[in-house]
Number of protein chains: 2
Amino acid sequence: MADILHRVGIKSSLDEVYKALTTREGLAGWWTEDTKGESKVGGVTQFRFSEGGKDIGGFDMKVLELRPDKRVLWEVVDGPKEWIGTKISWELKQEDGFSIVMFKHQDWKEPVEFMHHCSTKWAIFLMSLKSLVETGKGAPSPHDTKISNWH
Amino acid sequence: MADILHRVGIKSSLDEVYKALTTREGLAGWWTEDTKGESKVGGVTQFRFSEGGKDIGGFDMKVLELRPDKRVLWEVVDGPKEWIGTKISWELKQEDGFSIVMFKHQDWKEPVEFMHHCSTKWAIFLMSLKSLVETGKGAPSPHDTKISNWH
């Protein structure tokens with residue numbers, strides 16, 4: 001098993017970061033504009049991506065845990081086969097005036113090339129989350145920064 | 001053991017990317033301006049970072065492998081204790097008109113919080129490498145994008 005790890009600090013309250021991770025508007029503001037569903041424990045949120053107006057798929061996340069200002073946990077229930085069954089956790093804490101986000105996309109079966117890509121892309125989206133919360137403007141898909149031929 | 005993985009694609013020849021990874025000028029153009037040493041097998045390259053004009057340490061990398069346009073391998077011989085003994089590999093290949101960089105910072109003893117930070121920061125520096133090669137301008141330290149209270 002292999003994990004993708006990241007850490008960013010956001011100049012904001014924990015509450016603002018938590019909202020960006022747990023509301024449709026928040027998620028649509030930094031990850032993908034095409035976000036559907038409610039963020040409640042046991043519910044499923046659907047994230048879809050497009051490229052030049054063309055649907056290129058996405059992810060369905062079951063919400064396993066919602067602890068306000070502390071932790072969010074998702075399980076991937078639909079999407080690319082490498083993602084299904086993996087979990088994504090968000091741990092929040094305050095430090096030096098920053099809301100620290102500890103991110104983990106865990107339990108990849110193999111460290112495949114696609115995992116390398118997703119690791120870099122998660123960093124890009126975490127910077128988009130930071131920007132959304134700090135400035136009000138993120139860079140969600142389809143406006144996300146492209147990193148390679150795999151977008 | 002845990003690894004940091006990344007993948008970016010750069011619109012350039014493999015040779016240009018290889019040069020950015022194996023010359024003092026190249027490395028100083030995307031990672032840190034304070035880069036010293038020659039990139040030759042068995043040699044040590046020194047990377048130092050500063051923050052507000054203050055030295056905040058850095059890394060000494062022993063070059064283990066140099067395969068033009070294919071692979072570069074470093075071993076960390078000095079730096080933060082979590083880094084010492086870890087290896088950093090760069091695999092290059094051409095795909096769809098991009099030079100693909102497969103990056104691995106391998107053999108971390110534990111997935112500590114600092115590893116989360118370094119993973120995100122590597123993504124930032126890989127985007128700096130991409131920018132340097134594609135546009136002639138990277139964002140090496142001390143001009144690097146800050147991601148948190150840990151810089």
Side-chain angles (χ1 to χ4, degrees), chain A residues 1-12 17 51 82 88-131 133-134 139 144-151, chain B residues 1-12 17 51 82 88-131 133-134 139 144-151:
Chain A
M1 292 289 190
D3 304 335
I4 294 169
L5 309 175
H6 286 297
R7 180 188 188 276
V8 295
I10 302 178
K11 287 229 171 197
S12 73
V17 179
E51 202 47 59
E82 298 90 340
I88 292 163
S89 76
W90 306 83
E91 308 267 355
L92 307 180
K93 64 176 176 178
Q94 197 82 37
E95 199 176 286
D96 301 337
F98 285 83
S99 289
I100 304 297
V101 179
M102 293 275 288
F103 169 93
K104 181 153 67 167
H105 184 173
Q106 65 194 67
D107 300 340
W108 286 71
K109 286 192 188 72
E110 299 290 339
V112 291
E113 186 164 355
F114 185 47
M115 183 179 167
H116 290 66
H117 166 78
C118 293
S119 175
T120 314
K121 200 76 199 192
W122 272 125
I124 297 291
F125 282 119
L126 282 160
M127 294 303 284
S128 169
L129 166 65
K130 176 175 166 68
S131 173
V133 176
E134 290 181 348
D144 52 313
T145 302
K146 306 309 185 227
I147 63 172
S148 74
N149 56 329
W150 289 0
H151 307 293
Chain B
M1 293 289 191
D3 303 335
I4 294 169
L5 309 176
H6 286 297
R7 180 188 189 276
V8 295
I10 302 177
K11 287 229 170 196
S12 73
V17 178
E51 204 44 59
E82 297 91 340
I88 293 162
S89 75
W90 307 84
E91 309 267 355
L92 308 180
K93 64 176 176 178
Q94 198 82 37
E95 199 177 287
D96 300 337
F98 286 83
S99 289
I100 305 296
V101 179
M102 292 275 289
F103 169 92
K104 180 154 64 167
H105 183 173
Q106 66 194 67
D107 299 340
W108 286 70
K109 285 191 188 73
E110 301 288 340
V112 291
E113 187 165 353
F114 185 48
M115 182 178 167
H116 290 66
H117 166 78
C118 293
S119 175
T120 315
K121 200 75 200 193
W122 271 125
I124 297 290
F125 283 119
L126 283 160
M127 293 303 284
S128 169
L129 165 66
K130 176 175 166 69
S131 173
V133 176
E134 290 181 349
D144 52 313
T145 302
K146 306 308 186 227
I147 64 172
S148 74
N149 56 329
W150 290 359
H151 306 293

### Task
Check whether any side-chain heavy atom of I100(B) sits under 4.5 Å from a side-chain heavy atom of N149(A), and report yes or no.
yes
### Task
Pick one of side chain, backbone, both or neither for I147(A), based on which atoms fall under 4.5 Å of a heavy atom in chain B.
both
### Task
With sequence neighbours excluded, tell me which residues meet salt bridge (Lys or Arg N to Asp or Glu O under 4.0 Å) with K104(B).
none
### Message
Is it true that, when you exclude K93(B) itself, more than 12 heavy atoms of the residues, nucleotides or ligands shown sit nearer than 6.0 Å to its NZ?
### Response
yes
#### Entry: Proximity breakdown for I124(A) and chain B, heavy-atom pairs closer than 4.5 Å
side chain
### Message
Which residues in residues 114-121 of chain B have any heavy atom closer than 4.5 Å to a heavy atom of chain A?
### Response
M115(B), H116(B), H117(B), S119(B), T120(B)
#### Entry: chain B contact via T145(A) - which portion, at a heavy-atom distance below 4.5 Å
side chain
### Query
Do you know which of M102(B), E113(B), M127(B) has the most heavy-atom pairs under 4.5 Å to chain A?
E113(B)
### Proximity breakdown for K146(A) and chain B, heavy-atom pairs closer than 4.5 Å
backbone
### Task
Output the distance between atom CG (L5(B)) and atom CG (L5(A)), rounded to the nearest 0.5 Å.
9.5 Å
### Query
What's the shortest heavy-atom distance between V8(B) and S148(A), and which atoms?
C-CB, 4.0 Å
### Message
What I'd like to find out is whether the side chain of H6(B) reaches to under 4.5 Å of the side chain of W122(A), using heavy atoms alone.
### Response
no
